[in-house]
A.B. asks: 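Following this message is one structure expressed as structure tokens.
These figures come from a predicted structure and were not determined experimentally. Atoms within a ligand are numbered from 1 in the order they appear, just like the ligands themselves.
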Amino acid sequence: MSDKSSLLSAQSSTAPQFRFAPSPNGWLHLGHAFSALTIAARARAAQGRILLRIEDVDIGRTRPEYIEGIYQDLEWIGLNWEGPVRRQSTCFPSYEAALQQLRAMDLLYPCFATRKEIIDTITQGGVPLDRWPRDPDGGLIYPGIYKDITQAQRSNLLWEGRTFAWRLDMPKAKVVAEKINGGPIIFQESGPQNIGAQKTNDHITCPINPERFGDVILARKDVPTSYHIAVVVDDADQGVTDVVRGQDLFPATDIHRLLQVLLGLPAPRYHHHRLIRDETGRRLAKSARDQGIRELRQQGLSPDNIRDMIGL
Ligand code: GLU
């Protein structure tokens, strides 16, 4: 599917569909409130629907009380979602099917490297760790160990029962995706981004550069998918046309668009909003209890007070 047709297919569906997709590994805080209310405002302006998705693929970090807390906090703050809530933990077969599709395209390989092995490979190669290239999230770019081993070596490691993760062969994936797409892959961004891209009406057109993440992990043994796979499969399955989320996920959109093209999924429009920071300028963490919506509610604050606190 070409970029043009996939962008059009997302836009021509009846009502625009937005989604809020929190991870239930902590209580919601002011940053989530900002996200939820930005989604609500944009959906209202576009006469769209809002869907809710609980991103609980990381089952080990999920707690039922956090999920209950999400429902309570969102209702209190005024986010009205429609339709059934999607729980990622019930969708593993869909994620596996997507991974299988990428495996069949020969774009995934099992990587047996531990973190220590990665660090040792880098430092033994004579490059100090602080000089090694990092991805936009600060992770070390994968140095390629186990990428070019023979099939026999790979079979032996699998037979030994070594733990592995599935990595995307990024250079190859980019070539294949551009071929499918019939040219460079782009996405539409309407958030307050400041990148040298072409501005048309209310959005900019962003070319993707997923290579800056290196060979990303798309599934692990303990979590048999990744955020990247789950988010593109879910957005497509839920018919999401408009992804509104924090600026911290702006770089990851390059991976998401790449996967959408490889998997033949439509392209949503994107809006990455500013992040709410604490008084020291740091992004709010799940542990920032004093900024938790629950705590603020229990202290007697109203939803309007919350809006004031986050400048909405
Ligand atoms: N689950 C992610 C979070 O809570 C958001 C993912 C997304 O919106 O794509 O930060």
A.B. asks: Under 30°, 30 to 60°, or over 60°: which ring-plane class applies to His256 and His228, parallel, tilted or perpendicular?
C.D. replies: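 Plane angle between 30° and 60°, so tilted.
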
A.B. asks: Can you tell which part of Arg19 has a heavy atom less than 4.0 Å from ligand 1: side chain, backbone, both or neither?
C.D. replies: side chain

A.B. asks: Relative to the heavy atoms of Val231, which atoms of ligand 1 are at a distance of less than 4.0 Å?
C.D. replies: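 Listed by number with element, the hits are 9 (O).
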
A.B. asks: For ligand 1, which part of Pro22 has a heavy atom less than 4.0 Å away: the side chain, the backbone, both, or neither?
C.D. replies: backbone

A.B. asks: Please answer whether the main-chain N or O of Gln88 pairs with a side-chain N or O of Asp56 as donor and acceptor at a distance below 3.5 Å.
C.D. replies: yes

A.B. asks: Are Arg19 and Asp234 ion-paired here, with the side-chain N under 4.0 Å from a carboxylate O?
C.D. replies: no

A.B. asks: For ligand 1, which atoms sit closer than 4.0 Å to a heavy atom of Leu249?
C.D. replies: 5 (C), 6 (C), 7 (C), 9 (O)

A.B. asks: With nothing but distance in play, are any N or O atoms of Arg245 less than 3.5 Å from an N or O of ligand 1?
C.D. replies: yes

A.B. asks: Applying side chain to side chain donor-acceptor pair (under 3.5 Å), which residue pairs with at least one partner in residues 127-142 are found, sequence neighbours left out?
C.D. replies: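 Matches after skipping sequence neighbours: none remain.
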
A.B. asks: Is it the side chain (CB and beyond), the backbone, both or neither of Val243 that lies under 4.0 Å from ligand 1, heavy atoms counted?
C.D. replies: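 Neither; no heavy atom under 4.0 Å.
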
A.B. asks: If you draw a 6.0 Å radius around CD in Gln298, do more than 12 non-hydrogen atoms from other residues or ligands fall strictly inside?
C.D. replies: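 Enclosed.
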
A.B. asks: Assign the ring pair Tyr270 / His272 to parallel, tilted or perpendicular, where the plane angle (0 to 90°) is split at 30° and 60°.
C.D. replies: parallel

A.B. asks: If the cut-off is 4.0 Å to any non-hydrogen atom of Glu55, which atoms of ligand 1 fall inside it?
C.D. replies: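 Listed by number with element: 1 (N), 2 (C), 5 (C), 6 (C).
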
A.B. asks: Suppose I only count heavy atoms of Tyr227 and a 4.0 Å limit; which atoms of ligand 1 are within that range?
C.D. replies: 6 (C), 7 (C), 9 (O)

